[in-house]
Amino acid sequence: MIAIEQVYCATDVQSHLREGQPKLLTRITPDALYRRAGKLEAGAFDFDGTLTAGSEWRAMGSLMRPDLHDIEMDNFRWYLSHISGQCSNVVSLDDPDWWMEHLESGNLLAVESAWVTSSVYLMRLSGITEEQLDDVAKTLSPREGALELLRLMDKRVVISFGIEQFIKSWLRHVDVSAAVAATRIIFDDAGLVNRCHINVVGAGSKKFVVKRFRDLSHVREDHLLVVGDTVLDASMMSPSSFNVLIIPPNEIENQNSDFRNNLPKMWDRLTAILVCDSLAPLAELIKEARKS
């Protein structure tokens, strides 16, 4: 069993992360952790970086024309830099980018929707087919322990700032059934990417999806496991659900700036942080908790 250590405040987490050793950091007592884990019956999971260590966007990008893929990557880098606080220093209305290079948190959903629809448009221009998406989805390997964790839950939902059909293909390939909330691509009669459904799912949509999932599945909030891998997933973590953030040790350096800035804001919602590149310790915890 992985080492379980209680942490008392957000600042204590950084010292544990710097050690880089696999462990489960819990905000509550280990006894309370076991009691709550034993009640879990449903799960809400992020996809990229959580159920798989890979990226569906990177996989789909491999199907794009190189020049269009470059545009996609430029959009991706712009988005990542701005949500990480690396905004432009434009401070004058005389600069034409006074608004375009400034991202307000309240406008994030609009930006995410625009990014997804732009990506689908580039997929269309690249002539990507439904069959190609299905094939490339099979190339993403599950994170160790992910399938076991999924199968421990009676009711499951995958919530992704990604593509619905890609995730459903992946789930069929690994023989797991789950509801999926992601952006839906619409294909034409020849099976080519045509457009996407207007109900786009962005990172900011996740909290609404979780509520909808709970309402339709009749799952109590304290019986729900929520697992993600970035601060963007914190929005789907309700105060009473069992909320776990997975941070692989080899990704800690990449995550640290985001965590320093955002961990205090999300601290009260977290139940535990799994410092590990495997979800198996979380599955093991739940199985042991159910026995007791």
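Note that the structure is a prediction, hence the values are computed from the model and not measured.
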Exercise for the section: Test Phe47 against Leu140 for side-chain contact (heavy atoms from CB on, under 4.5 Å), laying out the working first. Expected result: CA-CA 11 Å; Phe47 187 68; Leu140 281 191; 4.2 Å; yes

Shortest non-hydrogen separation from [X] to [Y] and the atoms involved:
{"X": "Leu270", "Y": "Met237", "answer": "CD2-SD, 3.8 Å"}
{"X": "Ser126", "Y": "Leu68", "answer": "OG-CD1, 3.3 Å"}
{"X": "Met236", "Y": "Val227", "answer": "CE-O, 3.7 Å"}
{"X": "Arg269", "Y": "Asn243", "answer": "O-ND2, 2.5 Å"}

Atom pair [atom1]/[atom2] of [X] and [Y] - distance to nearest 0.5 Å:
{"X": "Thr271", "Y": "Leu225", "atom1": "OG1", "atom2": "CG", "value": "9.0 Å"}
{"X": "Ser118", "Y": "Asp74", "atom1": "OG", "atom2": "CG", "value": "10.5 Å"}
{"X": "Ser238", "Y": "Leu224", "atom1": "OG", "atom2": "CG", "value": "7.5 Å"}
{"X": "Met60", "Y": "Ile128", "atom1": "CE", "atom2": "CD1", "value": "8.0 Å"}
{"X": "Leu150", "Y": "Leu51", "atom1": "CG", "atom2": "CG", "value": "5.0 Å"}
{"X": "Ile163", "Y": "Ser169", "atom1": "CD1", "atom2": "OG", "value": "11.5 Å"}

Problem - Heavy-atom neighbours of Lys155 NZ exceed 12 at 6.0 Å - result: yes

Problem - Over 12 non-hydrogen atoms of neighbours within 6.0 angstrom of CZ in Phe187 - result: yes

Any luck finding a side-chain donor-acceptor pair between [X] and [Y] under 3.5 Å?
{"X": "Glu56", "Y": "Trp170", "value": "no"}
{"X": "Thr29", "Y": "Asp31", "value": "no"}
{"X": "Thr50", "Y": "Asp229", "value": "yes"}
{"X": "Glu221", "Y": "His223", "value": "no"}
{"X": "Ser119", "Y": "Glu72", "value": "yes"}

Practice task
In sequence, state the C-alpha distance, the side-chain angles, and the governing distance for Glu288 and Lys291, and then conclude on salt bridge (Lys or Arg N to Asp or Glu O under 4.0 Å).
Solution key: CA-CA 5 Å; Glu288 288 298 316; Lys291 290 178 184 177; 3.4 Å; yes

Exercise for the section: Begin with the C-alpha distance, continue with both residues' side-chain angles, and end with the deciding distance and a verdict on salt bridge (Lys or Arg N to Asp or Glu O under 4.0 Å) for Glu148 and Lys287. Expected result: CA-CA 10 Å; Glu148 181 183 17; Lys287 287 191 292 185; 2.4 Å; yes

Handout entry: Aromatic centroids of Phe161 and Tyr79 separated by under 6.0 Å
Key =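 Distance test on ring centres: under 6.0 Å, yes.
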
Considering only heavy atoms from C-beta outward, does the side chain of [X] approach that of [Y] to under 4.5 Å?
{"X": "Leu133", "Y": "Ile185", "result": "yes"}
{"X": "Val176", "Y": "Arg151", "result": "yes"}
{"X": "Leu108", "Y": "Leu103", "result": "yes"}
{"X": "Leu24", "Y": "Ile273", "result": "no"}

Problem - Pairs involving residues 171-197, ordered by first then second residue, that meet salt bridge (Lys or Arg N to Asp or Glu O under 4.0 Å) (sequence neighbours left out) - result: Asp134-Arg172, Glu164-Arg184

Handout entry: Contacts of Ser292 that satisfy side chain to side chain donor-acceptor pair (under 3.5 Å) - sequence neighbours left out
Key = none

Exercise for the section: Look at the side-chain heavy atoms of Ile, Leu, Val, Met, Phe, Trp and Tyr, link any pair under 4.5 Å apart, and say whether Trp98 and Met100 land in one connected group. Expected result: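 They do share one cluster, since a chain of ILVMFWY contacts under 4.5 Å joins Trp98 to Met100.
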
Practice task
Establish whether Val111 and Leu80 are linked, either directly or via other cluster members, by ILVMFWY side-chain heavy-atom contacts under 4.5 Å.
Solution key: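 Result: yes, single cluster for both.
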
Problem - Stepwise salt bridge (Lys or Arg N to Asp or Glu O under 4.0 Å) check, Asp46 with Lys206 - result: CA-CA 9 Å; Asp46 172 56; Lys206 292 187 173 187; 2.9 Å; yes

Exercise for the section: Could you tell me how the ring of Trp78 sits relative to the ring of His82: parallel (under 30°), tilted (30 to 60°) or perpendicular (over 60°)? Expected result: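 Plane angle under 30°, so parallel.
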
